[in-house]
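These notes concern the structure reproduced below.
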Amino acid sequence: MKFIGIDLGWTTGASGLCCLMWADNQLHLLNLDRRESNEDILAWIDTYAPSPEPAIIAVDAPTLIPNATGMRLPDKLTHKHFHRYHAACYPANLGRPFAQRTVEFGLSLEARGFVHAPVIEAQKLGRFQIEVFPHPAIVNLFGLERILKYKKGKLSERRAELIKLRQYILDYLPTLQPALKLPDLPAVPLTGLALKSVEDKLDSLICAYVGAYWWYWGLKKNLVLGDRTTGYIVIPASPSPSSSSPSPSSSSPSPSSSSPSPSSSSPSP
């Protein structure tokens, strides 16, 4: 099973790409890359997850946008549950300039057999796609009190926050379940354009890991904000200190008081 993370450029600019593979009861990093056009991204996907190979593609972009104006339900729910962490997402509707590209990207994935999976049977093989959002995922996976602000601000401030993200990935993801084996990651550079490249790649790695976490645990340890008809975002719940392999007889984790539970944040389909 492979896990593809796409930090999609919503209108213009490069997209970060990551491919993880499940083998020997752990995740392995196969590739970190950046591509510009949807065509180039899809060609990269065809290389790393050719049909009918099982894979999950986790996209940081609104690939389902049913509303002509206003905000989608999942966007509203990020504001409700994650505003205190500065992790609310940008509202999406069909009038936004990015809508055509992001929706068409999701349709291109569907044409390759990647079905939307706002509900999943844990560890079932298949070809799936989900929407993810790195900011709240980072908050929950690493137990942070607010997001890491590596996207806006002075270059020196962004770089310092990106260094923190890189270190959290190296320190924490190998200890969680599923564990990610990481020999190393790209160093955080000093210049703006090079910094953006590493930012996109690390974001795509978070996306890919969220896809793996969703596949491994399903609703047991994940939140789903919205559904197939409204659009949805999959976010890991805060891991317990010791995350053992899931089993049907084990009880669901108790979310912290500051995080939504899967049942409270997932409207009935």
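Residues: numbered from 1 along the sequence shown.
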So, taking the atom named [atom1] in [X] and the one named [atom2] in [Y], what distance separates them when rounded to the nearest 0.5 Å?
X	Y	atom1	atom2	answer
I120	I130	CD1	CD1	7.5 Å
L27	L173	CG	CG	9.0 Å
L77	H83	CG	NE2	14.5 Å
M21	K181	CE	NZ	10.5 Å
L165	D203	CG	CG	7.0 Å
L32	L202	CG	CG	7.5 Å

Donor-acceptor pairs are to be reported for all side-chain atoms of residues 183-191 against protein atoms at under 3.5 Å, with residues two or more places apart or in another chain.
unit_1, atom_1, unit_2, atom_2, d
D184, OD1, R166, NH2, 3.0

Between [X] and [Y], what is the shortest heavy-atom contact and its length?
X	Y	result
R72	I65	CD-CA, 4.2 Å
P174	A179	O-CB, 3.4 Å
P74	L225	CB-O, 3.2 Å
F114	Q129	O-NE2, 3.0 Å
C18	A208	SG-CB, 3.9 Å
G5	C207	CA-CB, 3.8 Å

Legend entry - K164/E161 ion pair, N-O < 4.0 Å: yes
Legend entry - Salt bridge present between E157 and K149 (N-O < 4.0 angstrom): no
Any side-chain heavy-atom pair from [X] and [Y] closer than 4.5 angstrom?
X	Y	result
R158	E199	yes
L64	T229	no
I169	L182	yes
L141	L176	yes
F82	I235	yes
Q177	K221	no

Hey, does the side chain of [X] reach the backbone of [Y] with a donor-acceptor pair shorter than 3.5 angstrom?
X	Y	result
S197	L193	no
D24	Q26	no
H28	L20	no
W215	V210	no

Inset, instruction - Evaluate side-chain contact (heavy atoms from CB on, under 4.5 Å) for I41 paired with I6, printing each intermediate quantity in order. - result: CA-CA 9 Å; I41 297 167; I6 310 290; 4.2 Å; yes
Inset, instruction - Could you check N222 against L219 for side-chain contact (heavy atoms from CB on, under 4.5 Å), going step by step and ending with a plain yes or no? - result: CA-CA 5 Å; N222 288 276; L219 281 171; 5.6 Å; no
Quick check on the hydrophobic clustering: are [X] and [Y] connected, directly or via other members, by side-chain heavy-atom contacts under 4.5 Å?
X	Y	value
L195	L17	no
F133	I57	no
L30	Y216	no
L155	L148	yes
I4	L125	no

Inset, instruction - Kindly state each residue pair satisfying side-chain hydrogen bond (donor to acceptor under 3.5 Å, both in side chains) with at least one member in residues 53-66, sequence neighbours excluded. - result: K2-E53
May I ask you to check whether [Y] and [X] place their ring centres under 6.0 Å from each other?
X	Y	value
W214	F128	no
H135	Y85	no
W22	F3	no

Inset, instruction - Test side-chain hydrogen bond (donor to acceptor under 3.5 Å, both in side chains) on D227 and T230 and set out the steps. - result: CA-CA 5 Å; D227 60 31; T230 63; 3.2 Å; yes
Legend entry - Stepwise salt bridge (charged side-chain N to carboxylate O under 4.0 Å, His left out) check, D46 with R112: CA-CA 9 Å; D46 291 340; R112 286 164 167 76; 2.8 Å; yes
Only pairs under 3.5 Å count here: list side-chain donor-acceptor contacts from residues 89-107, not counting sequence neighbours, and write none if there are none.
unit_1, atom_1, unit_2, atom_2, d
Y90, OH, R96, NH1, 3.3
N93, OD1, G95, N, 2.8
N93, OD1, R96, N, 3.3
N93, ND2, G70, O, 3.0
Q100, NE2, E104, OE2, 3.1
R101, NE, N38, OD1, 2.8
R101, NH1, G9, O, 2.4
R101, NH2, E36, O, 3.0
R101, NH2, N38, OD1, 3.0
T102, OG1, P62, O, 2.8
T102, OG1, F98, O, 3.4
T102, OG1, A99, O, 3.3

Inset, instruction - If the plane angle is over 60° it's perpendicular, under 30° parallel, otherwise tilted; pick one for Y209 and Y213. - result: tilted
Inset, instruction - Report the relative orientation of the aromatic rings in F142 and Y172; use parallel for angles under 30°, tilted for 30 to 60°, perpendicular for over 60°. - result: tilted
Inset, instruction - Walk me through it: do I163 and Q167 pass the test side-chain contact (heavy atoms from CB on, under 4.5 Å)? - result: CA-CA 6 Å; I163 288 171; Q167 200 60 48; 5.5 Å; no
Inset, instruction - Answer yes or no: does atom NZ of K124 have more than 12 heavy-atom neighbours from other residues, nucleotides or ligands under 6.0 Å? - result: no
Inset, instruction - Please test R228 against E110 for salt bridge (charged side-chain N to carboxylate O under 4.0 Å, His left out), starting from the C-alpha separation and ending with a verdict. - result: CA-CA 13 Å; R228 179 66 174 81; E110 287 190 54; 3.8 Å; yes
Inset, instruction - For the pair I206 and I138, evaluate side-chain contact (heavy atoms from CB on, under 4.5 Å) and give the outcome as yes or no after the intermediate values. - result: CA-CA 8 Å; I206 293 292; I138 289 166; 4.1 Å; yes
